[in-house]
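Start at 1 and go down the list; that is how both ligands and their atoms are numbered.
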Amino acid sequence: MFNRRKHEEDVRREGRLPPGQSLTLKFPVLHYGPVPSFNPETWNFRVWGEVEAERRWTWDEFQQLPRTKIVMDIHCVTRWSKFDTEWEGVSVRTLVDEGFIRLKDTARYVIQHAEYGFTANLPLEVVLAENFLLATHFNGEPLTPEHGYPLRGVVGYIRGREDLKTPYFWKGAKWLRGLEFAAEDRLGFWEQAGYHNDADVWKEERFAR
Ligand SMILES: Nc1nc2c(c(=O)[nH]1)N[C@H]1C(S)=C(S)[C@@H](COP(=O)(O)O)O[C@H]1N2
Ligand SMILES: [Mo]
């Protein structure tokens, strides 16, 4: 308890605690519905929509993509924040820069599609920023099933990067199966349920109404 309080004082002083948030040392699990199972034989990852060519990677092929590590603070709309979390996986920016994904000029939004039809939407510039990752590992270990194994979107705050927009953590879909690049925005699962579409943690954009 003392430990938690002290950590919270530290991040508050450093300006890293967004309004209305409190620090947790745990890693709460939050999602709608059951945890899906994973079959590496049938799993694939698809990219479609406003792209020059649709892509589909098997689990083995996905392992061969270039990998990136980032350290971020993550902020849940239910008011817990977790600091200095380390994520490893595949950067969408890298996939675009290295030609694995070729975007059309018309691509302006990205819909993450996960198991059971769950979706989360973000503007393209957020998905292409350094604080968004298709993550396979958390703190050096593969994701656990309840945190999205084998793949999830993650988005958070990178220290000192006030230039990047930081949305709440719900904008990262667990059990991710594909990215749809779109010309028009379309509300995802939680956004349709009344969560704020922009979800900026510093502006406390929690709910739309
Ligand atoms: N597939 C899927 N991903 C999801 C959700 C969900 O319901 N389904 N919930 C989101 C919400 S509301 C939050 S706060 C985070 C929680 O991630 P965690 O369980 O790893 O803490 O996952 C997000 N990703
Ligand atoms: Mo959430």
Side-chain angles (χ1 to χ4, degrees), residues 4 17-39 42-47 59 62 69-90 92 109-123 126-127 129 131-157 165-180 186-209:
R4 195 200 72 79
L17 189 67
Q21 296 293 112
S22 68
L23 177 147
T24 183
L25 298 170
K26 303 186 208 124
F27 193 176
V29 171
L30 283 153
H31 57 262
Y32 175 79
V35 173
S37 60
F38 167 62
N39 180 348
T42 56
W43 188 94
N44 56 31
F45 188 78
R46 288 180 58 214
V47 170
W59 179 242
F62 198 85
K69 257 186 211 173
I70 47 176
V71 174
M72 301 192 293
D73 303 335
I74 55 178
H75 303 297
C76 179
V77 71
T78 62
R79 299 183 182 276
W80 57 264
S81 294
K82 194 167 172 63
F83 291 82
D84 301 308
T85 60
E86 188 200 274
W87 301 89
E88 186 191 326
V90 174
V92 182
Y109 296 91
V110 182
I111 322 287
Q112 299 166 66
H113 287 261
E115 301 286 356
Y116 302 131
F118 180 89
T119 54
N121 61 309
L122 279 171
V126 175
V127 168
N131 58 336
F132 183 90
L133 195 68
L134 308 176
T136 58
H137 287 67
F138 167 72
N139 284 356
E141 302 283 341
L143 299 173
T144 58
E146 63 272 20
H147 285 298
Y149 181 78
L151 183 73
R152 72 175 298 170
V154 284
V155 64
Y157 172 74
K165 184 170 163 176
T166 303
Y168 288 106
F169 198 48
W170 91 73
K171 291 280 190 179
K174 304 196 277 191
W175 314 294
L176 187 63
R177 291 294 303 275
L179 296 180
E180 175 187 357
R186 242 163 50 225
L187 297 184
F189 179 90
W190 289 112
E191 292 79 5
Q192 286 173 44
Y195 284 27
H196 199 292
N197 196 29
D198 295 328
D200 188 314
V201 301
W202 303 108
K203 298 184 194 157
E204 263 202 283
E205 291 172 336
R206 297 175 193 274
F207 305 106
R209 332 168 250 286

Enquirer: Answer with yes or no whether the side chains of K174 and H147 bring together a donor and an acceptor at under 3.5 Å.
Expert: no
Enquirer: In terms of atom number and element, which parts of ligand 1 are under 4.0 angstrom from non-hydrogen atoms of A173?
Expert: 3 (N), 24 (N)
Enquirer: Give yes or no for whether the N/O distance cutoff of 3.5 Å, strictly under, is met between Y32 and ligand 1.
Expert: yes
Enquirer: Side chains of F138 and V154: does their closest heavy-atom pair fall under 4.5 Å?
Expert: no
Enquirer: So if I count the atoms of ligand 1 from 1 in the order they appear, which ones are less than 4.0 Å from some heavy atom of P28?
Expert: 18 (P), 19 (O), 21 (O)
Enquirer: Give yes or no for whether the N/O distance cutoff of 3.5 Å, strictly under, is met between F169 and ligand 1.
Expert: no
Enquirer: Determine whether the side chain, the backbone, both or neither of Y168 has a heavy atom under 4.0 Å from any heavy atom of ligand 1.
Expert: neither
Enquirer: Among the heavy atoms of F27, does any lie under 4.0 Å from an atom of ligand 1?
Expert: yes
Enquirer: Side chains of H113 and T119: any donor to acceptor distance under 3.5 Å?
Expert: no
Enquirer: Give the residue, atom name and distance (to 0.1 Å) of the protein heavy atom nearest atom 16 (C) of ligand 1.
Expert: L30 O, 3.4 Å
Enquirer: Identify which of Y116, F138, Y195, W170 has a heavy atom lying nearest to atom 13 (C) of ligand 1.
Expert: W170
Enquirer: Considering the heavy atoms of C76, write down every atom of ligand 1 situated less than 4.0 Å from one of them.
Expert: 14 (S)
Enquirer: Got a salt bridge between R186 and E191, using NZ or NE/NH1/NH2 to carboxylate O under 4.0 Å?
Expert: no
Enquirer: Answer with yes or no whether R152 contacts ligand 1, where contact means a heavy atom under 4.0 Å from a ligand atom.
Expert: yes
Enquirer: Provide the number and element of each atom of ligand 1 under 4.0 Å from a heavy atom of H31.
Expert: 5 (C), 6 (C), 7 (O), 8 (N), 9 (N)
Enquirer: At a 4.0 Å cut-off, with the gap strictly under it, does some heavy atom of W80 reach an atom of ligand 1?
Expert: yes
Enquirer: Identify the closest protein heavy atom to atom 3 (N) of ligand 1: which residue and atom is it, and at what distance?
Expert: K174 N, 2.9 Å
Enquirer: Using a 4.0 Å cut-off to any heavy atom of G172, which atoms of ligand 1 qualify?
Expert: 4 (C), 22 (O), 23 (C), 24 (N)
